[in-house]
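This structure is a prediction, so every number in the text was calculated from the model and none was measured.
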Amino acid sequence: MTGRLPFNPERLAGPAREPERGSPGGALSVRELATRIAATVEGGMSGRVRVMGEISGLRRTTHAYFTLKDEDAAIGCAMFASALRGVRDFPPDGTLVLASGRVRFYEPQGRIQLYVETIETVGVGGVDARFRALCDELRALGWFDDARKRPLPTFPRRIAVITSSSGAALRDVIATAAHRCAAIELLTVDVRVQGDSAAREVTDAIRGVGRIASQRGIDAIIVTRGGGSVEDLWAFNDRTLAKAVLESPIPVVAAIGHETDTTIVELVADERASTPTQAAMRLVPDAKALLDEHQHMARRLRSAMQRLLKYAGARLDAAAGAGPVRFPRLVIDRARDRVQTAAYAMAFALRARVQSDRTHTHRLSSRLAAHRPDVAFARRASRVEELQRRLTRALRLRLERCDAEVFALERELHAVSPMEVLARGYSITTVEGAGLLRATRDATAGQTLVTRLADGTVRSVVESESGVSPTPPRKPRPKRRARSHRDHPSLFDDAEPDTDR
């Protein structure tokens, strides 16, 4: 706490004045009230202040008038020519600036203003940044492309005007339409054009008109409002509203603010007008101009008909004095001669054509006879019989070769058969339950031996081992070769395995 007393505007009001004569109940005049407000403001904020905000609604004449704003508030500003001399490039709308100056109450207009003495650019304001970001997004989506915008109707039946019913914009549109062509009807849709709910109301109005356009004969829409600050026009920078304009089934003409103002709706609309009057002029044809054009076309048509009639009359007069009209029989005789000549030429041409077609038909018949199905079938049947004989002969030769090969293989197999070896007097002895008997020392008393001969087997029992001559040691057997397709089945396949190996 600095110990400074709180601000009291009554202390700056000066001595109380006597009420003016004739003022009931001591009421103040407007001049007195304005003087007190000015004294209060200038006394409470006597020094210079520095304000940071975004420039909006800039107007440059000799002096500069604009508004400084942020997200929640705005204040009017004025910068006189003497202060402007020190500014090389004055920042445009949407620029974030730092302004220094004094706060004063402008009595003629009853408003508080900041009289700026110096101004510095800080950057881009938040509102302008959002506007530019939305413009970039919609431009990338193709919403601003001229190629997708629809042409305006030449002779609209009805036009829907979406605006405030109490605004001057509606009166301008009605007056302009009535002056240009009173036959075109206007359908007024009353909406808010400023404030928080304005964007939603205008969006609903555009979509509602689009739904009934075909039933009510509405051919176009005008969305308009008068001028104002950027804040006043901000409702027309809504993305949902821009989408409603984009999806409208009928063309939309937008006239928002003044010529220097630009909103998203105007960029998306099929046509942009600088004023409500110009919007009406773009849609409503000029009846007087149409009448003048009609009269001009009527004069041209009348002149063309007169020239045509004059030319036809001259031809008729020339034909009346010509020979064919004076001597019609001569014309008939000449025509008869031309008809007879044409008849002779036609008959000759017909005979020549018939002869040519007959020759062509005969040539085609000869070609067709060579390709008749029965001839082609007989030729192919002969070919099939020849191929069948060749196939039969080839199969017979192949079967004979196969029979000879089988007979040779059978004879070779029979020669090396184990049964043929046994038939020559050989035998094979095995120990029952112990495998092949290869030496006498392998037999022990009491064992049962099975001897296989060519015509059967003989079973015997070993009585003793005496008299058995020693057997020389075994020589290592050669490795068996791999069996081929010519090897016969082993005689000992069913014998038990050799336990000595």
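- Across Ala198 and Val193, no two heavy atoms sit closer than the pair CB-C, 3.8 Å.
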Quiz item: Going through the distances and angles, do His360 and Arg358 end up as a side chain to side chain contact (heavy atoms under 4.5 Å, CB included)?
Solution: CA-CA 5 Å; His360 184 63; Arg358 184 180 292 113; over 6 Å; no
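- In this structure a side-chain-to-backbone donor-acceptor pair under 3.5 Å is missing from Asp70 to Gly53.
- Note that the CZ atom of Phe105 and the CD1 atom of Ile112 stand 6.5 Å from one another [nearest 0.5 Å].
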Exercise. Take Glu54 and Leu68 through the test side chain to side chain contact (heavy atoms under 4.5 Å, CB included) and record every step on the way to the result.
Key: CA-CA 5 Å; Glu54 181 179 340; Leu68 281 182; over 6 Å; no
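- Ile162 places a side-chain heavy atom less than 4.5 Å from the side chain of Ile221.
- A donor-acceptor contact shorter than 3.5 Å is absent between the side chain of His63 and the backbone of Met79.
- To the nearest 0.5 Å, the span separating CZ on Phe66 from CG on Leu114 amounts to 7.0 Å.
- In this structure, Gln278 contributes its side chain and Ser274 its backbone to a donor-acceptor pair below 3.5 Å.
- Ion pairing between Asp333 and Arg336 holds under the 4.0 Å rule for side-chain N and carboxylate O.
- In this structure, the side chains of Ile159 and Ile222 come closer than 4.5 Å at one or more pairs of heavy atoms.
- Ser365 places a side-chain N or O within donor-acceptor distance of the main-chain N or O of Thr361, the cut-off being under 3.5 Å.
- Residue Glu117 is tested with Arg48, Arg85, Arg50 for a salt bridge (charged side-chain N to carboxylate O under 4.0 Å, His left out); the sole match is Arg48.
- When atom types are taken as modelled, the side chain of Asp172 and the backbone of Thr277 share no donor-acceptor pair closer than 3.5 angstrom.
- You'll find the side chain of Arg158 reaches within 4.5 Å of the side chain of Arg216, heavy atoms only.
- Within the model, atoms CG of Leu368 and CZ of Arg363 stand 14.5 Å from one another, a figure rounded to the nearest 0.5 Å.
- Counting heavy atoms from C-beta on, the side chains of Pro249 and Ser214 never come closer than 4.5 Å.
- For CD of Gln295, the number of neighbouring non-hydrogen atoms (other residues, nucleotides, ligands) closer than 6.0 Å is greater than 12.
- In terms of heavy-atom proximity, Ile256 sits nearest to Arg225 at CG2-CG, 3.9 Å.
- Ile250 places none of its side-chain heavy atoms less than 4.5 Å from the side chain of Asp219.
- Ile206 approaches Val245 most closely through the heavy-atom pair CD1-CG2, 3.6 Å.
- Within the 4.5 Å cutoff, the side chain of Arg192 has no heavy atoms near those of the Arg200 side chain.
- Within a 6.0 Å sphere centred on NZ of Lys149, heavy atoms belonging to other residues, nucleotides or ligands number more than 12.
- Taking both residues in full, the closest heavy atoms of Leu58 and Pro91 are given as CD2-O, 3.7 Å, listed atom of the first, atom of the second, then distance.
- Here the side chain of Asp145 pairs no donor or acceptor atom with the backbone of Arg148 at under 3.5 angstrom.
- Side chain of Thr35 to main chain of Arg31: a donor-acceptor pair is present (N/O by atom type, distance under 3.5 Å, no hydrogens or angles).
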Quiz item: Can Arg139 and Trp143 be said to form a side chain to side chain contact (heavy atoms under 4.5 Å, CB included), step by step?
Solution: CA-CA 6 Å; Arg139 184 177 292 106; Trp143 290 18; over 6 Å; no
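- To the nearest 0.5 Å, the span separating CD1 on Ile218 from CD on Glu185 amounts to 10.0 Å.
- Ionic pairing of Arg383 and Glu386 is not present here: no N-O contact between side-chain nitrogen and carboxylate oxygen is shorter than 4.0 angstrom.
- Between the Lys288 side chain and the Arg180 main chain, no donor and acceptor come within less than 3.5 Å of each other.
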Practice problem: Under the side-chain hydrogen bond (donor to acceptor under 3.5 Å, both in side chains) rule, what do Ser303 and Arg307 come out as? Steps first, then yes or no, please. | Solution: CA-CA 6 Å; Ser303 176; Arg307 289 196 303 271; 2.8 Å; yes
Practice problem: Assess whether side chain to side chain contact (heavy atoms under 4.5 Å, CB included) is satisfied between Val268 and Val252, documenting all intermediate values. | Solution: CA-CA 9 Å; Val268 178; Val252 178; over 6 Å; no
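- Looking at Ser100, its side chain never comes within 3.5 Å of a backbone N or O of Thr118 through a donor-acceptor pair.
- The local environment of CD in Glu293 is sparse, with at most 12 non-hydrogen atoms from other residues, nucleotides or ligands closer than 6.0 Å.
- Put simply, the side chain of Arg207 never gets that close to the backbone of Ala244: no donor and acceptor are under 3.5 Å apart.
- In this structure, Ser197 OG and Asp204 CG are separated by 10.5 Å, a value rounded to the nearest 0.5 Å.
- Because its NZ or CZ atom is both nearer than 6.0 Å to the ring centre of Phe90 and within 45° of the ring axis, Arg60 counts as a cation-pi partner of that residue.
- Here the shortest heavy-atom pairing between Asp270 and Pro251 reads OD2-CA, 3.3 Å.
- Counting only heavy atoms from C-beta outward, the side chains of Arg150 and Ser248 approach each other to under 4.5 Å.
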Quiz prompt | Steps toward side-chain hydrogen bond (donor to acceptor under 3.5 Å, both in side chains) verdict (Glu266, Thr263) | solution = CA-CA 5 Å; Glu266 292 175 291; Thr263 61; 3.0 Å; yes
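- Val161 has its side chain out of reach of Leu187: every pair of non-hydrogen atoms, C-beta onward, lies at least 4.5 Å apart.
- Within the model, atoms CG of Leu241 and OG1 of Thr203 stand 4.0 Å from one another, a figure rounded to the nearest 0.5 Å.
- Taking both residues in full, the closest heavy atoms of Val223 and Phe236 are given as CG1-CE2, 3.8 Å, listed atom of the first, atom of the second, then distance.
- A donor and an acceptor atom, one from each side chain of Tyr115 and Gln113, are located under 3.5 Å apart.
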